[in-house]
Each structure stands twice: as C-alpha cells, then as structure tokens.
Amino acid sequence: MSDLEAYRLKAREWLQSMAPKYARDARRGMTVEEELALGREFQALKYEAGYAGINWPKEMGGQGLTHLEKIAYDSEEMNFGMPTVFFGISLGMPVPILMRYGMGENKEHAAWVKERVVKALRGEEIWCQLFSEPSGGSDLAGLRTKAEPDGNGWRMTGQKIWTSWAQYCDYGVIVVRTDPTVEKHKGLTYFWVDMKAKGVDVRPIKLAGGDSHVNEVFFDDVRLEDSQRMSPVGGGFGVALATLMIERYIATDSGGFGPHLDVFVDLVKGLEINGKPALKDARVRQQIARNHAMRAGLDSITSRAFQMMMAGMEPGPEGSLQKLVSVRSRQKLSELAMDLQGNLGLHFDPHAYVKEDWGASWLNAPTGRIAGGSDEVLLNTIAERILGLPQDHRPDKGVAFNQIPA
C-alpha cells in the first residue's frame, strides 16, 4: 500500500468516526444557523486532527503536506457531506491570497495575519471574496466600487453582489478602483476589508432554489488603512487573476458538484421508455458513455494541474475548461434525469441536497455557471489562452476608464 493510499484510509476512518454527529444525514432538517454552528465545531476538530490546511505551510498553521494529500482527503470528505460549505470560499481563495500577498513588512502585521489564518482554519472566522458588481459581473475590470486617498489610508464607496456567505463573514478580500484616469485594468487595487466595519451593509439574496447564501454588499464611506492593501496601487488586477485561477481549481468535482454519474445510472435502472428498460435505450446509454468519458477527461486535467502546482508551477487556464464543461454537463444530465421521470421529475424539495436530487441540481446549476466566471468569460479564456485564437475586439482597450460610456 502506498503512503498516499494509507493517508486516504486513515482520513476515511476519521471521517467515519465523525459522521454520526456531523455528516449530511445527521443534519437533515437543521436551520442554516444550526448547521453553521455544527460546521464551526467540526472545523475545529478537523484542525486538531490535522486535516485543515493540509498543503499549507506549517508556520501558518498548516500541515506542510502536498496537494495530493489534500485531494485525497477532500475526495473522502465529499462522500460524507460534512458541514464545510461555509468555509469553502474562505479557505479556498481569500485566506491563501492573504498568506501570499498580505503578510506586510513588519513582524506585528505578519503575526496578525497568522492569527487570522489559524482562526480561519479552525472555523472561528470566515472570509469572503468581493469581486462581482451589478454593472460589471463578468467584466471584473469594469468594476465601479472606488477607494479614494484619505490621509494615510483610503475611503471606499460602492456595491458588490453575489458574495457567498457574506452575512456570516468577519473579513473579505476586495478589488476596487483607485484611479479612473487610466485603462480599466490598470486602475485597480486589492485590499482586505473588515466586514464588521462602519459603513458595511450586507443584504442576503433569495435564490430560485430557496436558499440565501449569496448577498449584495454596500460600502458607504468605509475606512481602509493602507496596511490593508494587498497589491501595489494600480496593481490589483494581477492579484485578482491569481485569486480566480485558484477559484477555478477549487471545483475539482468533474460532476460540477451535482449528483454522481452512478446516481443517474441507479435512477435509470428503475425507469422504462416505451415499455422497455430505460437502461437499454441507445440514447440513454449514449449519454452515460459521453458523461463518463467527459468526467474522466476533466479528472485527468485536474490531476495534471495539481501535479504542475506540486512542481512549483502556476495553475494555467485549463481551470476554465474544467469549470465550464463540468457545470454545463451537470445541468444537461439533471434535465435528462427529470425528463425521464415524467411528471415525477417536477417534484421539488427545497431542502434537498444538490448531489442527491436531480431537481435541486438542475435548479441550482445556473448559479454555478455564473459564479467564478460566466460561461462567456470562460469561453473567451479557452479560445485565447488555450487555443491561441485572436482576442475579441475590445473598443475600451487603451481608453481611460472615466472616458468609457457608462
């Protein structure tokens, strides 16, 4: 048995010991607040057991292991449905970016950052990512939230939208416009922000699926110290891109975080088409085969990407392909599963889990096709950075942001 397989088995045994209290079945019927409280409790136990920050540096509270151990653990934890959804974005993007760009130049600030990292790993604090705006969701560089110099700091005003779990967050990372007189990509600066600061107003948005995990966030003359700046002034777009590259590799589920293909096969086994077993229908079998091949290909792309990161290389644009194809296919397969069930496919359970229920998966898939980069943005990335095709015509290229028509 390899060391990695031994690690996986040990993780599985620990998760099995936690399952009676924390796994999905144990939480059915709980409110979001009850699940969050249980999630914080589980995250602390996870930290103590050495499964939080698996591939993070030991000096920052992590375990100092490789991406492969992290993948092994995450794939096991996913099977149990532990209450970690509240911390996925926090530990997946903002906190790693904080470690990379926010350490500062003095020991006091570095110690403060380390304290934030450990508290995030333990589930005591949660971070959010404040990127999208009502007027610039897909075009990140078109954002209008601004920060203006104010003494030795800044004053920030504007609005962000689709911010996951912001109503429970202590801190967030944010990119804002600090210079409207230059090209839109060059006038942005990256900060961290205290979500409890004066002038921050978080308002949950109710989604079609019934939940409210996303929010609109308003900033009214919010004070930012210059020590909260995580990029050079005007250099925020580069840090934002680094954040997005991480985000697109968080979605390592080739099923787009919908039901596993085996769940579809199990469903079809109990259905008929024109009086014959649905599993013998050529069209159904074709969809199973296509999905199996597609998911195997995406798993290979993800595995290659993590091997590159282990070798010290940056993740490439292939993450856009992973996200685009996996979530699109999830939506199509969910639609097929509902169609095959006939009228029964219209039943909707607002408390259903998206990895178990086809209706919930289908209804929530469009959110996944927007979050972390819309399909259209990802298609451009794939065309230009993977296939090497010419860029789209961009009439705002070389034009100062304040000269672009609103």
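The figures that follow rest on heavy atoms only: side chains count, while hydrogens, waters and symmetry mates do not.
- In this structure, S329 OG and R295 CZ are separated by 5.5 Å, a value rounded to the nearest 0.5 Å.
- Taking each heavy atom of V176 and A147 in turn, the nearest pair found is CG2-CB, 3.6 Å.
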TODO: Given ring-ring contact (aromatic ring centres under 6.0 Å, His included), test F191 with W154 step by step and report yes or no.
DONE: CA-CA 10 Å; F191 295 87; W154 306 78; 5.7 Å; yes
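- Checking side-chain atoms of K160 against main-chain N and O of V217 turns up no donor-acceptor pair under 3.5 Å.
- With hydrogens and angles disregarded, no donor-acceptor distance shorter than 3.5 Å links the side chain of R155 to the backbone of V222.
- With hydrogens and angles disregarded, no donor-acceptor distance shorter than 3.5 Å links the side chain of R330 to the backbone of W362.
- Checked by atom type and distance alone, the side chain of D357 never pairs as donor or acceptor with a backbone atom of Y353 at under 3.5 Å.
- Within the model, atoms OH of Y47 and CD of E124 stand 9.5 Å from one another, a figure rounded to the nearest 0.5 Å.
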- [ ] Any chance you could lay out the ring-ring contact (aromatic ring centres under 6.0 Å, His included) test for W14 and F42, step after step, and finish with the verdict?
- [x] CA-CA 12 Å; W14 181 79; F42 173 75; 5.6 Å; yes
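- The existence of a salt bridge linking K184 and D139 is confirmed by a sub-4.0 Å separation between a basic side-chain nitrogen and an acidic carboxylate oxygen.
- When the options R12, K46, R8 are evaluated for a salt bridge (charged side-chain N to carboxylate O under 4.0 Å, His left out) with E77, the one that passes is K46.
- For the atom pair CE (M156) and OG1 (T178), the distance works out to 12.5 Å, reported to the nearest 0.5 Å.
- Side-chain atoms of E133 come within 3.5 Å of backbone atoms of R144 as a donor-acceptor pair (strictly under, hydrogens ignored).
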- [ ] Would you check, one step at a time, whether the test salt bridge (Lys or Arg N to Asp or Glu O under 4.0 Å) holds for D201 with R203?
- [x] CA-CA 7 Å; D201 181 18; R203 303 178 190 176; 2.8 Å; yes
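- At distances below 3.5 Å, not a single donor-acceptor pair connects side-chain atoms of T163 with backbone N or O atoms of A166.
- No side-chain donor-acceptor contact under 3.5 Å links R394 to the backbone of D396.
- Remark: the backbone N or O of F86 is not paired with any side-chain donor or acceptor of S90 at under 3.5 angstrom.
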- [ ] Step by step, work out the salt bridge (Lys or Arg N to Asp or Glu O under 4.0 Å) result for E34 and R27.
- [x] CA-CA 9 Å; E34 289 171 337; R27 305 194 316 277; over 6 Å; no
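- Put simply, OH on Y22 and CG on L45 are 4.5 Å apart, with the number rounded to the nearest 0.5 Å.
- Judged by distance alone, the side chain of R177 and the main-chain N or O of L143 form a donor-acceptor pair under 3.5 Å.
- Under the 4.5 Å side-chain criterion, counting only non-hydrogen atoms from C-beta, Y168 is in contact with E33.
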TODO: Decide salt bridge (Lys or Arg N to Asp or Glu O under 4.0 Å) for E356 and R28; before the verdict, give the C-alpha distance in whole Å, the side-chain angles of both, and the deciding distance to 0.1 Å.
DONE: CA-CA 13 Å; E356 297 176 337; R28 294 191 189 277; 3.2 Å; yes
